[in-house]
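First up is the structure itself, then whatever we jot down about it.
First listed ligand is number 1; within each ligand, the first listed atom is number 1. Since the model is a prediction, treat every value here as computed from it, not as a measurement.
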Amino acid sequence: MTEENKNLAELAKEYDASQIQVLEGLEAVRMRPGMYIGSTSKEGLHHLVWEIVDNSIDEALAGFATHIEVFIEKDNSITVVDDGRGIPVDIQEKTGRPAVETVFTVLHAGGKFGGGGYKVSGGLHGVGSSVVNALSTQLDVSVYRDGKIHYQEYRRGHVVDDLKVIGDTDRHGTTVHFTPDGEIFTETTVFDFDKLAKRIQELAFLNRGLRISITDKREGIEQEQHYHYEGGISSYVEFINENKDVIFDTPIYTDGEMDGISVEVAMQYTTGYHETVMSFANNIHTHEGGTHEQGFRTALTRVINDYARQNKLLKEKDDNLTGDDVREGLTAVISVKHPNPQFEGQTKTKLGNSEVVKITNRLFSDAFGRFLLENPQIAKKIVEKGILASKARIAAKRAREVTRKKSGLEISNLPGKLADCSSNDATMNELFIVEGDSAGGSAKSGRDREHQAILPIRGKILNVEKASMDKILANEEIRSLFTAMGTGFGADFDVTKARYHKLVIMTDADVDGAHIRTLLLTLIYRFMRPVLEAGYVYIAQPPIYGVKVGSEIKEYIQPGANQEVELQAAIERYSNGRSKPSVQRYKGLGEMDDHQLWATTMDPENRLMARVSVDDAAEADKIFDMLMGDKVEPRREFIEENAVYSTLDI
Ligand code: TTJ
């Protein structure tokens with residue numbers, strides 16, 4: 001039967017049936033939110049914002065929106081505003097409902113309204129706005145289109161009333177406002193400005209020319225940030241290298257398109273040794289790399305070797321430079337946009353589309369090859385840097401072959417200071433790196449001996465930024481960490497050999513403690529990256545205050561934004577007419593005895609630990625560059641900006 005032949009009763013029945021499906025669809029989202037947004041934790045809460053913002057980004061990429069604004073409202077609800085064409089409001093033949101209503105009430109109804117152009121965003125979960133609607137106590141949408149303002153509101157996914165015209169307008173665009181449901185987001189419904197701002201800045205880098213802002217209207221913490229980069233990912237590379245010395249001023253930038261797949265690469269070499277290659281597919285950070293990175297790496301190595309041979313910078317007898325050689329000191333951002341991206345890997349952040357290898361390789365090779373020909377001075381610097389890296393690599397390899405047997409990093413040489421645990425089950429075992437011998441002592445007697453090992457370290461560990469490999473390997477604190485972990489070093493590194501699946505950094509809550517933590521994170525970021533990627537690295541969170549009645553500690557206060565409020569509340573709880581509790585401020589771990597250290601910081605039942613992500617460590621690495629690098633100015637600025645905080649701890 002064709003549409004025309006159906007009678008009204010049949011159509012009405014079909015409509016009812018489809019409405020029931022709609023509600024069942026959104027009910028399913030509320031029953032299993034994690035399936036749609038990953039989790040209902042803080043992470044999932046913030047995911048709602050990206051699910052909405054992605055739609056506006058698509059409209060910007062299609063060439064229609066130029067401004068996107070995100071607001072955290074006073075009541076922790078979110079508003080997203082764009083100046084695109086506005087979600088279509090016309091009645092769709094298939095459903096008999098306005099298109100915009102379908103967008104918010106039907107699962108998986110994306111933004112494809114025949115308008116050509118493909119959806120670039122939302123590849124990771126990409127489940128659409130109806131999921132945000134289902135998980136919000138209230139959501140409203142205003143569409144500015146054809147001279148009218150169209151408005152509709154929903155509660156927990158249910159339509160409140162039909163789409164209505166509520167006024168005239170001479171602008172165009174879409175505004176969505178929503179309040180996440182506390183019944184779903186039980187961990188928190190409070191948005192984190194810095195977290196939103198960081199990703200919004202990244203979106204601005206990744207989408208050249210886009211103007212995007214974030215405004216926090218919450219009382220007492222009002223602030224706003226506006227982002228706009230005409231340089232796109234070139235600006236991103238400059239931002240990453242901000243505090244580093246570079247071997248040429250302007251990043252090399254290429255873009256191109258092939259078979260509907262667009263590829264952009266920006267890159268610049270620092271004078272350092274560290275490699276930072278970040279890749280994105282449809283604006284999603286592909287932490288695990290994939291075919292776009294593979295195409296880029298292959299092309300980079302081949303083009304540099306070809307150029308070096310043709311210009312006799314490499315002699316016939318010389319070996320080719322390796323990939324590691326040509327990436328020493330490299331900062332690069334690769335961004336591809338694909339109509340049908342395949343995400344693979346453990347965290348679904350690895351691009352899998354095989355055709356992308358060839359396309360990235362071809363587009364980047366052509367452009368980079370041309371760049372080298374046109375800029376012989378820069379080309380020479382790049383090749384010379386690679387040759388230097390290769391010489392260092394060959395020398396280090398020789399040295400390693402001689403000393404391999406005696407490198408001392410074998411497990412048979414477990415460091416004397418290590419108090420190991422008795423269990424052999426690495427998945428259950430934890431290594432605590434503890435600052436100072438006295439805290440180390442308390443940790444040793446307070447711990448769970450079966451599963452917790454303690455490695456005390458003393459003072460500041462080596463600055464790995466400046467030191468050569470052999471000096472790093474000669475440093476006792478570093479050696480004992482690598483030996484204890486059992487993962488080997490450098491080319492021999494093997495994360496599957498890790499003797500502990502939790503590596504916990506436990507330092508004092510003061511400036512020195514923060515410094516040691518930064519040093520350790522930098523060391524781990526640069527030389528134990530797979531351990532970070534596996535999610536094994538944690539930071540212990542010892543309490544900052546103890547509230548005491550007589551000699552008994554009644555309550556501990558953890559550090560955090562609310563620490564002072566919580567302290568006052570605790571003082572009141574233990575005050576009576578005659579007396580107030582006393583407050584102990586813990587400056588160092590050493591002030592706690594073994595029982596206290598166990599109860600507050602080490603006991604898996606009660607402790608708070610922060611897992612360190614690769615991004616957190618990269619941040620530490622960036623700060624570290626600033627504090628330890630050659631440039632004085634940014635260091636002074638940082639110290640001045642942070643002086644208020646650091647003096648608190650002195
Ligand atoms: C799709 O093609 C026809 C013209 O309108 C296009 C569209 O849907 N544009 C659009 C959607 N711009 N902005 C949105 C949008 C913005 C927000 C804040 C939230 C949602 C779900 C969509």
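Near Ser56, the atoms of ligand 1 lying under 4.0 angstrom from a non-hydrogen atom of the residue are 16 (C), 17 (C), 18 (C). Residue contact check: Pro88 has heavy atoms under 4.0 Å from atoms 3 (C), 5 (O), 8 (O) of ligand 1. Listed by number with element, the atoms of ligand 1 under 4.0 angstrom from any heavy atom of Phe104 are 21 (C). When each atom of ligand 1 is checked for a heavy atom of Val176 under 4.0 Å away, the hits are 17 (C), 18 (C), 19 (C).
Just one residue in the list Ile359, Leu351, Thr286, Asn361 forms a side chain to side chain contact (heavy atoms under 4.5 Å, CB included) with Thr291, and that residue is Leu351.
Ligand 1 has at least one atom lying under 4.0 Å from a heavy atom of Ser129. For Gly86, the heavy-atom gap to ligand 1 drops under 4.0 angstrom. The closest approach between a heavy atom of Phe64 and any atom of ligand 1 is not below 4.0 Å.
For Glu564, the CD atom counts as densely surrounded, since its 6.0 Å shell holds more than 12 non-hydrogen atoms of other residues, nucleotides or ligands.
Below 30°, between 30° and 60°, or above 60°: for Phe205 and Phe239 the angle between ring planes is between 30° and 60°, a tilted geometry.
Outside the 6.0 Å centre-distance limit, the rings of His172 and Tyr144 are not counted as a close aromatic pair. Within the 6.0 Å centre-distance limit, the rings of Tyr525 and His274 are counted as a close aromatic pair.
Looking at Asp82 against ligand 1, only its side chain comes within 4.0 Å, counting heavy atoms.
A salt bridge links Asp255 to Arg208: at least one charged side-chain nitrogen sits closer than 4.0 Å to a carboxylate oxygen.
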